[in-house]
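Presented below is the structure to which this report refers.
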Amino acid sequence: MKIILKNGVVVSGTGTRTADVLIENEKITAVAPNLTCDDAVVRDLSGKMLFPGAIDAHTHLDLEVSDTVTADDFYTGTKAAIRGGTTLVIDFATQNHGETLAEALENWHKKADGKCSCDYAFHMAISEWNENISKEIDDMMRAGVTTFKLYMTYPAMILSDGEIYEVLRRLKEVGSFAGVHCENASVIDAHIRERKAAGLLGPSSHPKVRPDTLEAEAVHRLMTIAGEADAPVMVVHLTNKKALDEIRDAREKGQRVFAETCPQYLVLDEKVYDLDGFESAKYVCSPPIRAKENQQVLWDALAGGQIQTVATDHCSFTLEQKAMGRDDFTKIPNGMPGLETRVDILFSEGVGKGKLTAEQACRVLSENPAKLYGLYPNKGCIAPGSDADLVVIDPRKEKVITAAGQEQNTDYSPFEGLAVKGCVDSVYLRGQLVVHNDKILKEKTGQFIKRGAPQLEL
Ligand code: URP
Ligand code: ZN
Ligand code: ZN
């Protein structure tokens, strides 16, 4: 099957140009003005923009956590992803205590294989560190799981500072790096004890026990550990200026540090925790939503290249699941949905409001994650030889984000009522038109993608 997409504005991380794109089967074979091909189907994209398929490098689908399982599994989550312009998710395969990494990977394949409507890959979240696990790192790299995740918080996942040091050194040997969840677990626990003793058990206690200073302290510690290990590292779901300043300081010392943020930290602020009653449980995620002044800091850092990627940290629960913590905020499952709305929000709030150029949006949504996570240039660019994963954005299309209109399997949206302008019009996954006008035309055509070595120079 051959398709020519005509007259679209083709976006890359370095420029935009009006051009035609020739797709042959799964691949892009030409990008140039005035392309012709006798046996190709022609689709006119005048007035529309063509981005490489967006990559969401931080999702938690079908994850057992907090005595429940996330509302979205790989079937519903990847349908939401593709509808929202994300053609590849990198989910966190997670090692439970006592498991080998091989068992965790097998478990994640069982959850995902045959169910995905966008392409998918895995990072490996390591919850236990010893010599045998260290040996398995080579197996993971061979299996295409070429980046890892570590937690400085959560009892089921936390590694000690020394273990983090050892993991980072080991990953450096194989040309990999870890994304790290940075929060100071011990002081958070002390804050929790204080709030509980004072009878402050509602969801508005959540941000109080996890302040930005405790994120920044953990980022500082991680920078020290990564410096000692002389290893690259990524801070995931960065929320605030103090934490970003720690990264800037480390970079000034010559360290290689990457950072990721998420739409919820760019467009929501801490007032969500002032909502009446239990309403604010919808926004219980870690790290929490921060004070408004952090939003512009994060946008500026995206535009300036100090934050390299925007992912969602999609970890969705229904209101009924959130209600598990009705009498105790520490029992509210942490996380929020976002897979379906990331591209629309970044385009509308970022490009539409002049906070990001189209090229910068392309870098943080697609090109940079493709490079960092060993997918480039198969993914992350519109060029001959690349997979024909494409998102058509209509800059004039408007909609209002609502739970009722979403594919993701939750009964609320953290962005309810947000009007967006400049939305996903259609999506191609390896050459097939899979979404048009908000309708999913083809399901379950996603493939597991074995990733290559990370590219550390962006
Ligand atoms: O609250 C969150 N972010 N839950 C998902 C797990 C994590 O910390 O990334
Ligand atoms: Zn995290
Ligand atoms: Zn996460």
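One-based numbering, in listed order, for ligands and for the atoms of each.
Considering just the N/O/S atoms of Asp313, the one nearest the Zn ion (ligand 3) carries the name OD1. With respect to the Zn ion (ligand 2), His237 has NE2 as its nearest N, O or S atom.
Using a 4.5 Å cut-off on side-chain heavy atoms (C-beta onward), Pro232 and Val257 make no contact.
Looking at Asn334 against ligand 1, both its backbone and its side chain come within 4.0 Å, counting heavy atoms. When heavy-atom distances to ligand 1 are checked against a 4.0 Å cut-off, Cys285 comes that close through both its backbone and its side chain. The residue Met336 has no part lying near ligand 1, judged by heavy-atom distances below 4.0 Å. When non-hydrogen atoms are compared, ligand 1 lies under 4.0 Å from neither the backbone nor the side chain of Arg210.
With Tyr75 as the aromatic partner, Lys444 meets the cation-pi criteria of under 6.0 angstrom to the ring centre and within 45 degrees of the ring axis. Figure legend: cation-pi geometry between Lys371 and Tyr376, with NZ or CZ positioned under 6.0 Å from the six-membered ring centre and within 45° of its axis. A cation-pi arrangement is present between Arg326 and Phe278, with the terminal nitrogen or guanidinium carbon under 6.0 Å from the aromatic centre and inside a 45° cone about the axis. Cation-pi check for Lys115 over Phe74 is not met; the charged atom does not lie both under 6.0 angstrom from the ring centroid and within 45 degrees of its normal.
Within ligand 1, counting atoms from 1 as listed, the ones closer than 4.0 Å to a heavy atom of His181 are 7 (C), 8 (O).
For the ligand labelled ligand 1, residue Lys149 lies inside the 4.0 Å heavy-atom shell. Contact analysis leaves Phe92 out of contact with ligand 1, as no non-hydrogen atom separation drops below 4.0 angstrom.
Between Arg170 and Glu131, none of the side-chain N atoms (NZ, or NE/NH1/NH2) sits under 4.0 Å from a carboxylate O, so this pair counts as no salt bridge.
Protein heavy atom closest to atom 1 (O) of ligand 1, with residue, atom name and distance, is Ser286 N, 2.8 Å. Ranking the protein heavy atoms by distance from atom 6 (C) of ligand 1 puts His60 NE2, 3.5 Å first. Residue, atom and distance of the protein heavy atom nearest to atom 3 (N) of ligand 1 are Asp313 OD2, 2.5 Å.
Distances from the Zn ion (ligand 3) show that His181 has no N/O/S atom below 2.8 Å. Not one N/O/S atom of His58, from backbone or side chain, sits under 2.8 Å from the Zn ion (ligand 2).
By the 30° and 60° cut-offs, the orientation of the rings of Tyr151 relative to Tyr154 is tilted. Aromatic ring pairs are classed by plane angle as parallel below 30°, tilted from 30° to 60° and perpendicular above 60°; the pair His206 and Tyr273 is tilted.
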Inset, instruction - List the steps and the verdict of ring-ring contact (aromatic ring centres under 6.0 Å, His included) for Phe448 and His109. - result: CA-CA 9 Å; Phe448 176 68; His109 272 295; 4.5 Å; yes
